[in-house]
Amino acid sequence: MSVPVMTVPGEAPPTTAAVRAVDLRKTYGKGETAVHALGGVDVGFERGRFTAIMGPSGSGKSTLMHCLAGLDTATAGQVWLGDTELTSLRDDQLTKLRRDRIGFVFQAFNLLPVLTAAENMTLPMQLAGRRPDRAWMDDVVARLGLRDRLGHRPYELSGGQQQRVAVARALLPRPDVVFADEPTGNLDSRAGAEVLGLLRSSVRETGQTVVMVTHDPVAAAYADRVVLLADGQLAGEVHHPTADAVIDALRGLGG
Ligand SMILES: Nc1ncnc2c1ncn2[C@@H]1O[C@H](COP(=O)(O)OP(=O)(O)OP(=O)(O)O)[C@@H](O)[C@H]1O
Ligand SMILES: [Mg+2]
């Protein structure tokens, strides 16, 4: 159940959430063809936790994640990243915030083919004029099992290895939140399990906050909590999910 939150515009809601949506609405298009992708969503994602977002196709999962991550702008409502209201930022401020405080992992890996694995990992930090901490990079690379693949280009890597490079790229700047939209959607179950295990260990061992969209109840069971969406609304939650509990909850949505 979502808890209603009273907020005054410009004032951060009282919460320890790493990222939070307050009455978030997103409408695509206008008039008769308008699609209400998010119809007023109140949800917070606790710091140092792994949360999965699930729900039927078209329920608004990607829209919610893109608004939370500042990749898309909401029609109404607020998004807070810690004490920063994303929904009040100018484009240039949002670009900087995304670069400095948010990590992404996409279904399609999105690595640059001409760069090596190591170059792909460090590119966002280089663009931001930051230097990755050497010890931290060594630690991330070791945990991702990529040490002997650093000089390889993406086409020389398996899908699972490419996605692990993308996870490393997201973790290196130590962002406030890593968002992952179907990160295992293009992987077989073994490679998927490796990527999910890495996301979970980044949460358990380094306190990273991770928010992941997935269709897969087995993937969702790696999370600490599952948030369910249906028709652009919050439709329930599962804490300490098992795959079976998630399947039951999804069945309850009728989706
Ligand atoms: N750019 C857009 N223009 C118009 N409608 C859109 C756009 N993006 C998404 N929608 C619509 O908004 C609704 C929510 O889409 P969204 O992509 O968030 O769903 P989803 O839950 O991520 O679905 P899936 O599981 O299929 O990825 C859908 O009805 C979709 O058709
Ligand atoms: Mg989607």
Side-chain angles (χ1 to χ4, degrees), residues 2 19-45 50-81 86-87 91 94-95 98 102-110 159 162-163 166-167 170 177-189 192 195-196 199 209-223 225-238 241 243 245-255:
S2 71
V19 62
R20 177 168 198 107
V22 181
D23 196 21
L24 198 68
R25 292 163 192 273
K26 176 72 181 181
T27 302
Y28 292 106
K30 284 203 170 82
E32 281 178 20
T33 58
V35 176
H36 300 288
L38 297 176
V41 172
D42 287 295
V43 64
F45 299 91
F50 187 177
T51 311
I53 301 175
M54 299 194 83
S57 181
S59 58
K61 302 180 298 294
S62 294
T63 302
L64 174 61
M65 174 165 283
H66 291 166
C67 290
L68 291 172
L71 285 172
D72 200 351
T73 52
T75 307
Q78 303 167 347
V79 172
W80 293 87
L81 184 71
L86 260 64
T87 28
D91 271 359
L94 200 54
T95 302
R98 270 202 311 264
I102 289 176
F104 299 102
V105 180
F106 299 99
Q107 182 172 347
F109 319 146
N110 292 4
Q162 290 183 58
Q163 193 61 308
V167 170
V177 184
V178 168
F179 291 101
D181 195 351
E182 308 250 13
T184 58
N186 283 340
L187 303 178
D188 63 35
S189 59
V195 166
L196 292 161
L199 288 171
T209 306
V210 176
V211 179
M212 168 179 79
V213 168
T214 183
H215 277 110
D216 176 4
V218 173
Y222 281 77
R225 170 186 171 220
V226 175
V227 169
L228 298 161
L229 279 186
D231 293 330
Q233 307 272 358
L234 219 57
E237 294 193 23
V238 183
V246 170
I247 290 166
D248 282 348
L250 288 170
R251 209 173 272 140
L253 299 180

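Residues take their numbers from the sequence shown, with the count starting at 1. In listed order, ligands and their atoms are each counted from 1.
Of all heavy-atom pairs between F104 and R98, the closest is CZ-CD, 4.0 Å. Annotation for F109 and A166: closest pair O-CB, 3.8 Å, computed over non-hydrogen atoms.
Polar contact check, G60 against ligand 1: a nitrogen or oxygen pair lies under 3.5 Å apart. Where the criterion is an N or O separation shorter than 3.5 Å, residue side chain and backbone included, S62 meets it with respect to ligand 1.
The single protein non-hydrogen atom nearest to atom 23 (O) of ligand 1 is G58 N, 2.9 Å, given as residue, atom name and distance. The protein heavy atom nearest to atom 12 (O) of ligand 1 is A37 CB, 3.4 Å. Scanning the protein for heavy atoms near atom 9 (C) of ligand 1, the closest one is Y28 CE1, 3.4 Å. The nearest heavy-atom contact from the protein to atom 26 (O) of ligand 1 is S57 OG, 2.5 Å. Nearest protein heavy-atom contact of atom 25 (O) of ligand 1 is K61 NZ, 2.7 Å. At the shortest separation from atom 16 (P) of ligand 1 among protein heavy atoms lies T63 OG1, 3.6 Å.
Here the protein contributes S62 OG as N, O or S atoms under 2.8 Å from the Mg ion (ligand 2).
When atom types are taken as modelled, the side chain of K26 and the backbone of T73 share a donor-acceptor pair closer than 3.5 angstrom. Here the side chain of Q78 pairs no donor or acceptor atom with the backbone of T87 at under 3.5 angstrom.
Side-chain atoms of Y28 and D72 form a donor-acceptor pair, as typed in the model, at a separation below 3.5 Å.
In this structure, P56 has a heavy atom closer than 4.0 Å to ligand 1. Within the structure, the closest approach of S59 to ligand 1 falls below 4.0 Å when heavy atoms are considered. The shortest heavy-atom distance from H66 to ligand 1 is not under 4.0 Å.
Interface atoms of ligand 1 facing H215, defined by a heavy-atom separation under 4.0 Å, are 25 (O). Interface atoms of ligand 1 facing V35, defined by a heavy-atom separation under 4.0 Å, are 11 (C), 12 (O), 29 (O).
Residues R20 and F45 form no side-chain contact, since every pair of their non-hydrogen atoms from C-beta on lies 4.5 Å or further apart. For the pair L86/W80, no side-chain contact is recorded, criterion being any heavy-atom separation below 4.5 Å from C-beta on. Using a 4.5 Å heavy-atom cutoff, the side chains of E182 and H215 are in contact. Using a 4.5 Å cut-off on side-chain heavy atoms (C-beta onward), D231 and S59 make no contact. Residues F50 and R225 have side chains not in contact (no heavy-atom distance under 4.5 Å, counting atoms from C-beta outward). Looking at heavy atoms from C-beta onward, L250 lies in side-chain contact with L228 at the 4.5 angstrom threshold.
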Take T214 and M54 through the side chain to side chain contact (heavy atoms under 4.5 Å, CB included) test and state the conclusion after the steps.
CA-CA 6 Å; T214 183; M54 299 194 83; 4.2 Å; yes

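Under the 4.0 angstrom criterion, atom 1 (N) of ligand 1 counts as having a protein heavy-atom contact. Protein non-hydrogen atoms do not reach within 4.0 Å of atom 30 (C) of ligand 1.
Of the residues listed (L24, V22, L234), the one engaging D42 in a side chain to side chain contact (heavy atoms under 4.5 Å, CB included) is V22, and it is the only one.
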